[in-house]
**Student:** 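One structure coming up, written as C-alpha cells, with questions to follow.
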Amino acid sequence: MSWVSCWGLNYEEDYYLPSWLNKHRELYRSFAANGNAIGQIILKTLERELYLYSNELTEVHQPKDYSGEFVRLFRYPAPKDGKPHITAPTPAHTDATSMTLLFNWQGGLQITKREGQERVDKVDRDYEGEEWLYVPPEPGHVIVNLGDTMVVLSNGVLKSGRHRVVTPPGPQAKFHRYSVLTNLRPANNTPMRALKSDMIPPEEENGETLTAREWSLAKVKAILDRMAAAKK
Ligand SMILES: O=C(O)CCC(=O)C(=O)O
Ligand SMILES: [Fe+2]
C-alpha cells in the first residue's frame, strides 16, 4: 500500500504542496474546503443533539485555524496472485481525527461488530475473534467516520468507529484500490477535555489538559512505540 498525505495547515492561506499536486492547487483547496463545509453541517447537528448552545464544536474546526487536518490519497495495489492479503493493508484502528470523510470506489473498508469498546484506544490494539462487516461504497455518497477527538469532547457520549481496510471482495480484488480522504480536526490549541452540557457527563478533574496538538502527537507516539515493541 502506498499513500501520500498533505497537511493543508490552514488551507485558506499559506500551505505547501509537492510539485505534482501543486498543479492542481485549486482542486486540492476546494476538496479540503468542501470537506470542511460538509463536516460543519454534521457538527452543527451534533451540537444540537448534545445540547451545546454556543457553537462549541463548529468554532474549533474552522479552516482559518491551524490544525492537524490533512488530505490523504491511498493506492492499494491488487494482490499479484489474486489471493486476499493475509494481513489487512490498513490495520484496525479508530481515527485520531474529529471526523474523516472517505471517498472510494471499491469495497474493502470494514467496520467491527464488537461492542463496548474502550473510550479511546491509545494504541489501536487487535482483539481476538473480532467480527467484521464490509461497508460497500454507494455512488454519490461519502463515508463518514467519527474520530477519537469527538469521544473526548463528548466525554464518551459519541463513539469513534473502529475500522480497517482489507483486499476488496470478489472480482474487485483484481484492481488496484484508490481512496481519497479529508478530515476535520480541532484547532491546535483546543483543550482536549469534555465540553459542558446537560447531555455530557461531567469529567473528573485529573490534572493537566492536553491541547489537540499534544493529544494527537501522544496517540502517534503510542502507536509507534507499540510497533517498535512488536518488532523486538
Ligand atoms: O483507505 C481507506 O479506505 C481508509 C483508510 C483509513 O482508514 C485511514 O487512513 O484512516
Ligand atoms: Fe481510518
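Numbering of ligands and ligand atoms starts at 1, following listing order. What's counted below: heavy atoms across the whole structure, side chains too, no hydrogens, waters or symmetry copies. Note that the structure is predicted; figures quoted are calculated from it, not measured.
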**Student:** Using distance alone, determine whether Arg177 and ligand 1 share an N or O pair under 3.5 Å.
**Tutor:** yes
**Student:** May I ask you to list the atoms of ligand 1 that are less than 4.0 angstrom from any heavy atom of Leu181?
**Tutor:** 8 (C), 9 (O)
**Student:** Heavy-atom distances under 4.0 Å are what count here, so tell me which part of Asn104 touches ligand 1: side chain, backbone, both or neither.
**Tutor:** neither
**Student:** Once you restrict to heavy atoms under 4.0 Å, what part of His93 touches ligand 1? Side chain, backbone, both or neither.
**Tutor:** side chain
**Student:** Distance to 0.1 Å, residue and atom name: give those for the protein heavy atom nearest to atom 4 (C) of ligand 1.
**Tutor:** Val165 CG2, 3.6 Å
**Student:** Among all protein non-hydrogen atoms, which one is nearest to atom 9 (O) of ligand 1, and what is the separation to 0.1 Å?
**Tutor:** Phe74 CZ, 3.1 Å
**Student:** Does any donor atom in the side chain of Gln106 or Arg177 lie under 3.5 Å from an acceptor atom in the other side chain?
**Tutor:** no
**Student:** Purely on distance, is any nitrogen or oxygen of Thr90 under 3.5 Å from one on ligand 1?
**Tutor:** no
**Student:** Is Arg162 salt-bridged to Glu130, cutoff N-O under 4.0 Å?
**Tutor:** yes
**Student:** With a 4.0 Å cut-off on heavy atoms, does Asp95 reach ligand 1?
**Tutor:** yes
**Student:** Does a donor on one side chain sit under 3.5 Å from an acceptor on the other, for Thr112 and His163?
**Tutor:** no
**Student:** How long is the gap from CG on Leu146 to CG on Leu158, to the nearest 0.5 Å?
**Tutor:** 5.5 Å
**Student:** For the side chain of Thr167 and the backbone of His85, is there at least one donor-acceptor N/O pair under 3.5 Å apart?
**Tutor:** yes
**Student:** Where do Asn155 and Pro201 come nearest, in terms of heavy atoms and distance?
**Tutor:** ND2-O, 2.6 Å
**Student:** For a side chain to side chain contact (heavy atoms under 4.5 Å, CB included) with Glu69, tell me which candidate from Thr97, Thr182, Asn36 qualifies.
**Tutor:** Asn36
**Student:** Out of all atoms in ligand 1, which are within 4.0 Å of some heavy atom of Tyr76? Include the element for each.
**Tutor:** 1 (O), 2 (C), 5 (C)
**Student:** Begin with the C-alpha distance, continue with both residues' side-chain angles, and end with the deciding distance and a verdict on side-chain hydrogen bond (donor to acceptor under 3.5 Å, both in side chains) for Arg75 and His176.
**Tutor:** CA-CA 7 Å; Arg75 178 178 185 274; His176 303 319; 3.3 Å; yes
**Student:** So, 4.0 Å and heavy atoms of Leu102: is ligand 1 close enough to count as a contact?
**Tutor:** yes
**Student:** By residue and atom, what protein N/O/S atoms are less than 2.8 Å from the Fe ion (ligand 2)?
**Tutor:** His93 NE2, Asp95 OD1, His163 NE2
**Student:** For ligand 1, which atoms, with element, lie under 4.0 Å from some heavy atom of Arg72?
**Tutor:** 9 (O)
**Student:** If we ignore angles and hydrogens, is there a donor and acceptor under 3.5 Å between the side chains of Thr100 and Asp95?
**Tutor:** yes
**Student:** Apply side-chain hydrogen bond (donor to acceptor under 3.5 Å, both in side chains) to Asn189 and Thr211, showing your working.
**Tutor:** CA-CA 5 Å; Asn189 57 0; Thr211 64; over 6 Å; no
**Student:** Could you tell me which atoms of ligand 1, counted from 1 in the order shown, lie closer than 4.0 angstrom to a heavy atom of His163?
**Tutor:** 7 (O)
**Student:** Tyr53 vs Tyr51 aromatic rings, parallel, tilted or perpendicular, using cut-offs 30° and 60°?
**Tutor:** parallel
**Student:** Decide whether Ser160 and Asp148 meet the rule of one side-chain donor and one side-chain acceptor closer than 3.5 Å.
**Tutor:** yes
